[in-house]
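Only one structure is covered here, and it is reproduced in the block below.
Every heavy atom of this structure was used, including side-chain atoms; hydrogens, water molecules and symmetry mates were not. Position 1 is the first residue of the sequence; numbering continues from there.
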Amino acid sequence: MSIGERGFQLDKRQWIERHADFAYLSLETAELDVRYYDRAAIVRCVQRSRATWRGEVMTLAVRLSQVWIELPDGWQLAGIQFSSLDAA
């Protein structure tokens, strides 16, 4: 499940389909914090990026939170949430 910066929700299929029209031009990650819990991990960071969405260039600055779970065949992203940051 993905929760967008304006509160909208996307299930796995919708999130993957949305990326058909989305591409990163640049991506910078900072303030990385990873917390491990048995077979789960919480990852928090700040991401600043330039991207295209349906041909339109956009600049994004978000605080990102991810929930990862460890399965027998490897780690899987279980949830992701984006919170917009001020442009400053």
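Applying the side chain to side chain donor-acceptor pair (under 3.5 Å) test to E17 and every residue at least two apart in sequence or in another chain returns R13.
Contact of the L27 side chain with the Q47 side chain is registered, since non-hydrogen atoms from C-beta on lie closer than 4.5 Å. Side-chain contact check for V62 versus V46: every heavy-atom pair is 4.5 Å or farther apart.
Under the 4.5 Å side-chain heavy-atom criterion for Ile, Leu, Val, Met, Phe, Trp and Tyr, I42 and F82 are members of distinct hydrophobic clusters. Cluster annotation: I16 is not connected to V67 through the hydrophobic network of ILVMFWY side chains, with a link wherever side-chain heavy atoms come within less than 4.5 Å. Hydrophobic clustering places L77 together with L64 (ILVMFWY residues linked when any side-chain heavy atoms are closer than 4.5 Å, directly or through intermediates). With hydrophobic clusters built from ILVMFWY side chains whose heavy atoms lie under 4.5 angstrom apart, V34 shares a cluster with W68. Both Y24 and M58 sit in one connected hydrophobic cluster of ILVMFWY residues. Membership requires side-chain heavy atoms under 4.5 Å apart, directly or through other members.
For the atom pair E28 CD and C45 SG, the distance stands at 10.5 Å (nearest 0.5 Å).
Applying the salt bridge (Lys or Arg N to Asp or Glu O under 4.0 Å) rule to pairs touching residues 50-59 yields D21-R54, sequence neighbours excluded. Residue pairs meeting the side-chain hydrogen bond (donor to acceptor under 3.5 Å, both in side chains) criterion with at least one member in residues 32-41, sequence neighbours excluded, are D33-R35. Each salt bridge (Lys or Arg N to Asp or Glu O under 4.0 Å) pair with one or both residues in residues 60-72, not counting sequence neighbours, appears once here: E31-R63. A salt bridge (Lys or Arg N to Asp or Glu O under 4.0 Å) check over residues 72-85, counting only residues at least two apart or in different chains, returns nothing.
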